[in-house]
Amino acid sequence: MSEYETVPAEVDEEDEIPPDHPRYEDLVTRHRIERGVENGITHLQGMHAEGRGSAFDYLLGERTIPSAREAERTAAAQLLLADKPVLSINGNVAALVPGEMVELADVVDADLEINLFNRTDERIDAIATHLRDHGAKRVLGQTATARIPNLDQERAKVDEDGIYAADVVVVPLEDGDRAEALGAMGKTEIVIDLNPLSRSPQVADIPIVDNVIRAIPNVTEFARELADADDHELRDIVADFDRDDALTSAEDAIRSGTLA
Ligand code: ATP
């Protein structure tokens, strides 16, 4: 007899997943992505992305490693220093952490912008409604009239008043080409990605190698803690961060870590 309940073959509601199951978080993640696809929020490709992320997370021990925690604190400091921070939302992020993204945007006074790899008006509208259902008051990206230079037409579309004008962008699970093109525009990029070898974290100013489900609430918590810090202290936190070290620590944890 196992020590925890078994998972039903078909999970209709998230609360059918037993919280004491050793793969609880992974099962919840899969369920949310499946729901996202059913509800027209997540593209089928998002399932592949999730599968890749899940494998890396397994090897990381499904925990926030110390270097990722440091990156999350640095991200919070960088967002508090920003003049115009924007949080980018794609189909996986909308399915996994809609309320958490809205909360982070409130705490650091950032805008939310829908930014899709496979862009259709239907998906954009479904995501905007989903974010509003989770408390978002302003959602950018529905009218994307500006263009990121050096990217193909569809992937280049951004909101003139959002990502295009932003100084700091949070791009979770971003496509490598777009991450590179945003960097070339001079944006300070905070990337959340479980694969430290993927191009997006490789080009990020602040790569966070952690599951977006853990990373976003952690950044929010750090932003609350740092809310009264002066700019000098925030700048010191950003200056002390070593992005190469963060990537190497994550790769080491994946290659040679032991599963707890
Ligand atoms: P590149 O960035 O070089 O284009 P890729 O083709 O592997 O790499 P995508 O398929 O666009 O990237 O996106 C999947 C990425 O998202 C993977 O690197 C995967 O590890 C990451 N990922 C998937 N789910 C999560 C999650 N829940 N939290 C954080 N990262 C995730």
Side-chain angles (χ1 to χ4, degrees), residues 11-15 28-47 49-50 75-76 79-80 82-148 154-175 178 182 187 190-192 211-221 223-224 227:
V11 174
D12 293 320
E13 298 297 333
E14 203 168 298
D15 60 12
V28 167
T29 303
R30 277 190 240 171
H31 175 69
R32 288 189 191 170
I33 293 289
E34 282 168 17
R35 263 294 147 90
V37 172
E38 282 163 16
N39 295 338
I41 285 171
T42 310
H43 191 273
L44 253 186
Q45 288 279 342
M47 281 196 169
E50 174 52 33
L79 285 166
L80 290 169
D83 289 326
K84 190 167 176 47
V86 174
L87 315 184
S88 169
I89 310 264
N90 66 16
N92 283 48
V93 174
L96 293 176
V97 282
E100 291 83 347
M101 290 301 276
V102 172
E103 199 177 339
L104 176 58
D106 275 352
V107 173
V108 299
D109 199 15
D111 271 315
L112 296 163
E113 176 167 341
I114 305 169
N115 175 29
L116 303 181
F117 188 77
N118 301 287
R119 191 184 169 90
T120 63
D121 288 343
E122 290 74 23
R123 269 202 330 119
I124 299 230
D125 290 347
I127 292 174
T129 304
H130 188 60
L131 290 172
R132 290 203 182 93
D133 287 347
H134 283 83
K137 288 178 198 74
R138 185 169 129 99
V139 180
L140 302 176
Q142 282 174 290
T143 48
T145 50
R147 299 284 177 271
I148 304 171
E154 277 309 295
R155 278 190 293 170
K157 288 182 177 174
V158 277
D159 200 304
E160 194 168 0
D161 192 34
I163 289 176
Y164 191 78
D167 57 344
V168 177
V169 286
V170 176
V171 279
L173 285 66
E174 183 57 287
D175 150 59
R178 194 153 49 188
L182 285 170
K187 314 280 177 205
I190 300 167
V191 167
I192 303 169
N211 195 320
V212 71
I213 282 192
R214 297 187 297 270
I216 295 297
N218 286 347
V219 176
T220 305
E221 195 186 316
R224 287 208 171 97

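The model shown is predicted, which means the values in this text are computed figures rather than measured ones. Note that the numbering runs from 1 along the sequence shown for the chain.
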Taking every heavy atom of Leu80 against every heavy atom of Ala223, the minimum-distance pair comes out as CD1-O, 3.8 Å

What one should report as the nearest heavy-atom pair of Leu112 and Met101 is CD2-O, 3.7 Å

task: For side chain to side chain contact (heavy atoms under 4.5 Å, CB included), just list the numbers for Glu103 and Arg224, CA-CA rounded to whole Å, side-chain angles, deciding distance to a tenth of an Å, and then say yes or no.
output: CA-CA 11 Å; Glu103 199 177 339; Arg224 287 208 171 97; 3.0 Å; yes

Of all heavy-atom pairs linking Ile114 and Ile124, the shortest is CD1-O, 3.5 Å

CG of Asp109 to CG of Leu79, rounded to nearest 0.5 Å, is 11.0 Å

If you look only at distance, which donor and acceptor atoms sit under 3.5 Å apart when one is on a side chain in residues 165-172 and the other is two or more places apart or in another chain?
residue, atom, partner, partner atom, Å
Asp167, OD1, Lys84, N, 2.8
Asp167, OD2, Asp83, N, 2.8

In short, Leu140 meets Gly162 closest at the heavy-atom pair CD1-CA, 3.6 Å

Lys/Arg N to Asp/Glu carboxylate O, Asp111 vs Lys137, below 4.0 Å: no

Value for CD1 (Ile163) from CD (Glu113), rounded to nearest 0.5 Å, stands at 3.5 Å

d(Leu131 CG, Ile89 CD1) to nearest 0.5 Å is 5.0 Å

Heavy atoms of Lys157 and Asn115 approach each other most closely as O-OD1, 4.4 Å

Taking every heavy atom of Leu87 against every heavy atom of Ala105, the minimum-distance pair comes out as CD1-N, 3.6 Å

Any Leu116 side-chain heavy atom under 4.5 Å of Glu154 side chain: no

Rounded to the nearest 0.5 Å, the OG1 atom of Thr29 sits from the CG atom of Asn211 at a distance of 5.5 Å

CZ of Arg178 to CG of Asn90, rounded to nearest 0.5 Å, is 8.0 Å

So side-chain hydrogen bond (donor to acceptor under 3.5 Å, both in side chains) across residues 119-129, not counting sequence neighbours, yields Asp125-Gln142

Residues passing the side-chain hydrogen bond (donor to acceptor under 3.5 Å, both in side chains) test with Arg147, sequence neighbours excluded, are none

Checklist entry - Around Asn118, counting heavy atoms of other residues, nucleotides and ligands shown, do more than 12 lie under 6.0 Å from its CG? => result yes

Residues passing the side chain to side chain contact (heavy atoms under 4.5 Å, CB included) test with Val37, sequence neighbours excluded, are Thr42, Leu44, Met47

So the ring pair (Phe, Tyr, Trp, His ring centres under 6.0 Å) pairs with at least one residue in residues 91-133 (sequence neighbours excluded) are His130-His134

Side chain to side chain contact (heavy atoms under 4.5 Å, CB included) for Ile216 and Ile192? Distances and angles first, verdict last. CA-CA 9 Å; Ile216 295 297; Ile192 303 169; 3.5 Å; yes

| query | Quick one: do Arg32 and Glu14 make a salt bridge, cutoff under 4.0 Å? | reply | yes

Contacts of Glu100 meeting side-chain hydrogen bond (donor to acceptor under 3.5 Å, both in side chains) (sequence neighbours excluded), chain-then-number -> none

